[in-house]
Structures are given as C-alpha cells and as structure tokens.
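Just below is one structure, and these are the notes that go with it.
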Protein chains: 2
Amino acid sequence: MNKIKVCRPPARQAASTPAAESLQSLDRIDRAILRQLQTDASISNVALAAKVKLSAPACLRRVERLKESGLIRGVVALIDPKSAGAGMLVIIGVVLDRSTPESFADFEKAAQTVPGCMECHVVTGEFDYFMTIRTRDSDSFNRLHAEQLLYLPGVRQIRSFMVLKEILSTTRFPL
Amino acid sequence: MNKIKVCRPPARQAASTPAAESLQSLDRIDRAILRQLQTDASISNVALAAKVKLSAPACLRRVERLKESGLIRGVVALIDPKSAGAGMLVIIGVVLDRSTPESFADFEKAAQTVPGCMECHVVTGEFDYFMTIRTRDSDSFNRLHAEQLLYLPGVRQIRSFMVLKEILSTTRFPL
DNA sequence: CTTGAAATACTACTACG
DNA sequence: CGTAGTAGTATTTCAAG
C-alpha cells in the first residue's frame, strides 16, 4: 500500500551553516509541512506526520528544524477583527516634510506606537509610507486621525483610504 | 482527532446574550488567553493555564469556546518571507474601467488567483482596490505585472508602490 | 454555568537500531 | 529515517461552588 518514498536525505549537516536556511534546501516534505502549518498549525504532530507520510519523530525533527532556522517565524492565533472590536480597516499614505534620515527615523519610531497599526512600510512613489490601521469604527478612526496621526513627527500630508470590503487577507503564501 | 461536538449555548452571563460572541463578553482571563495566543500559540495548554491562573481543563474549554465562536479564526505558522523566496513586497493601487457590480465581481474573483497576493481590499479615494503582493524580486514582479496584473479584468490603471523597508508587520492587535 | 481534581487516552519526545 | 519505550500532555468524567 505504501508507495516508494522519495526520502532523499536533506544532507544539511554542513556544520557551518546553521543560519539563513533558504527555500532551496527544502524538499517536497518540508514544503508539505509548511503548507499545512500555514493553513492550520493546531494539528497534532502525529496527524501532520501522517499527512506528509512520515513517522512522527521524523516529522517533529523537521518542524523543529524549520523553527530553529527561522523559516517558521512563529505560531500564532488569528483573531477575527470584527469580533474583537476592530472591524474597520484604513490604509493611509503618508508624505513627510523632509526626506532626511532623521525624519524617517523619528517617524518610524512614532508610527510603531500608533494603536491598531498593523503594517507600516517605506514605499516608492508618491508616498513615503503606507500604513494599515485597524480600529473600531469611523468615529474612533477620526479620533485617532485628529489626535495621533496628524501629530506624527515630520508629517506633511496624510491621505486615508477607508477599506469598504476586505476581499482577501491571508498570511500564507505559495511555496 | 477532531470530534464533532454539540455547540454549547454561548450564554455566559445570563440567558440574554446575543448571537455572536463579541468583545464585550470576554472577561479578563479570556483576554489574557487571546493576548498570549496572538503572540505565541505553540505554548502547551498546561503552560497557558498556569499563565492565566486557571486549571488546565477550564483553560482548554475557554480556548475551544473562543475557537467555536469564531473569535479565534485559526492557528497558523508564520513564515519568514525572505527565507521562503518572497522577500519583495509591493503594494498596488488599482483603478477599474467602469464602476459596475459586474466589473467589481469579475475583478475580485480574478484577483484572488494572483500568486503571492496577500491582501486585496476595496477602498475609498482615488483607487478602487489596494492589493499587497509578495514576490521574489523585481524581475519576478515585473513578470507578474506584465503577464497577470495588467490582464486582470476591467483594469484601467495600476500604480505600484514597491516596499523598500518593512517597518512593522503584525497580525496582533490590542484587546 | 463554571470550576478543579482525578483518571484515562493520546501525544510528544528520547534512545536506539 | 523508523521502531519502541517513557514522560508528559490533552481530554473526559465527575463532584462542587
């Protein structure tokens, strides 16, 4: 019943490259593990092992290696924003007054403390930054906008794009 | 080994609680559980129970209830994008040709299939959609742009904002 | 309706082949 | 990598606040 297993030994015992594991060193089984854990990491190790057609200890060793290598950054629970009272999502584009290293550093430091800020990125184009902010409703966003966002250091302009409908929002990408 | 369970009535305080469980029905312990699981869900149930000062069975029941209520949408492993060969992040703003229901539906259906698309939202303002796309490098993005994005149905204009630096990217928001 | 203690079933983990 | 054995955990049962 069992088919031939293409268990090519990963041979990663180079002993000199403990860090910076890349996609290239992942075989078919590692990718299957990652695909599963990206979808549902609450699965037990034995069930995971069965899915990838491996013994439980071997599977566990791979998962631990993937964690230690940093390829698996962590395992977290995803909360439904609406149930958690943060049903509104706003994307804002930010333009700074001056494009100096100090301006950028100051802004970035302050941006991290904005409550509900989920993402903050330096971008090319007509904006310096894009941020995504989760908040309760338009009232609470308006308050945040007036009391916090407009006072972020070095801000020349803030353009807000309210999210009317979330079509797709995933943490998982193809391997 | 997930067993089919009968949904317990969510009535926590009295027999007057509404349908969906919301943030209001969460006590201090539930919030502590959620805060922990948002940060690290690989913790064992006994350790979690100790952290929130509860017995293991009681803690497990709360976690299961939070899952069944939908407040915990899932438990997933977060992959390091760079290690996974998707080190480049691009935010694109999309303007459609026509603002008809069919246009929107067609676009949304097609957008979901774009490889590496992490987010896609309908927004107010000068764009109809914002999408965030993870890809390997500028070459692969250029290919995606030329071969897929420009052929999404009903697209009038696509403006790309390449992410130069990811300041903040989290899945966890305050409770 | 929730909690905690004890008992059972299962799983993670280790040592070894 | 797999098998077997041990330690620890998840999960059920049940009694009580």
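Computed from a predicted model, the values in this text were never measured in an experiment. Lettering of chains follows the sequences in order, A, B, ..., and the numbering in each one begins at 1.
Under the 4.0 Å criterion applied to side-chain N and carboxylate O atoms, A/E166 and A/R134 are assigned as salt-bridge partners. Salt bridge status for A/D27 with A/R62: present, with a side-chain N to carboxylate O gap under 4.0 Å.
One atom, CD of B/E64, and another, P of C/dC1, lie 17 Å apart when rounded to the nearest Å. Rounding to whole angstrom units, NZ of residue A/K67 and C1' of C/dA12 are separated by 12 Å. In this structure, CZ of B/R62 is placed 11 Å from C1' of C/dC1, rounded to the nearest angstrom. Put simply, CD1 on A/I43 is 17 Å from P on C/dC10, counting in whole angstrom units. The distance from atom CD1 of B/I33 to atom C1' of C/dT2 is 13 Å, rounded to the nearest whole Å. To the nearest angstrom, C1' of D/dG2 lies 8 Å from CZ of A/R61. D/dT13 atom P lies 14 Å from atom CG of B/L60, rounded to whole Å. In this structure, B/D27 places its CG atom 16 Å from P of C/dC1, rounding to the nearest Å.
Counting all heavy atoms, side chain and backbone alike, A/I91 lies closest to B/H121 at CD1-CD2, 4.4 Å.
The side chain of B/V46 lies closest to D/dT9 when the candidates are D/dT9, C/dG4, C/dA12. Distances were taken from every side-chain heavy atom of B/N45 (C-beta onward) to each of D/dA10, C/dG4, C/dC13; the shortest belongs to D/dA10. For B/P57, whose side chain is taken as the heavy atoms from C-beta onward, the closest listed nucleotide among D/dA4, C/dT11, D/dT12 is D/dT12. With D/dC1, C/dG4, D/dA4 as the choices, the nucleotide that has an atom nearest any side-chain atom of B/L54 turns out to be C/dG4.
With contacts defined as side-chain heavy-atom distances shorter than 4.5 Å, the pair A/V155/A/V94 qualifies.
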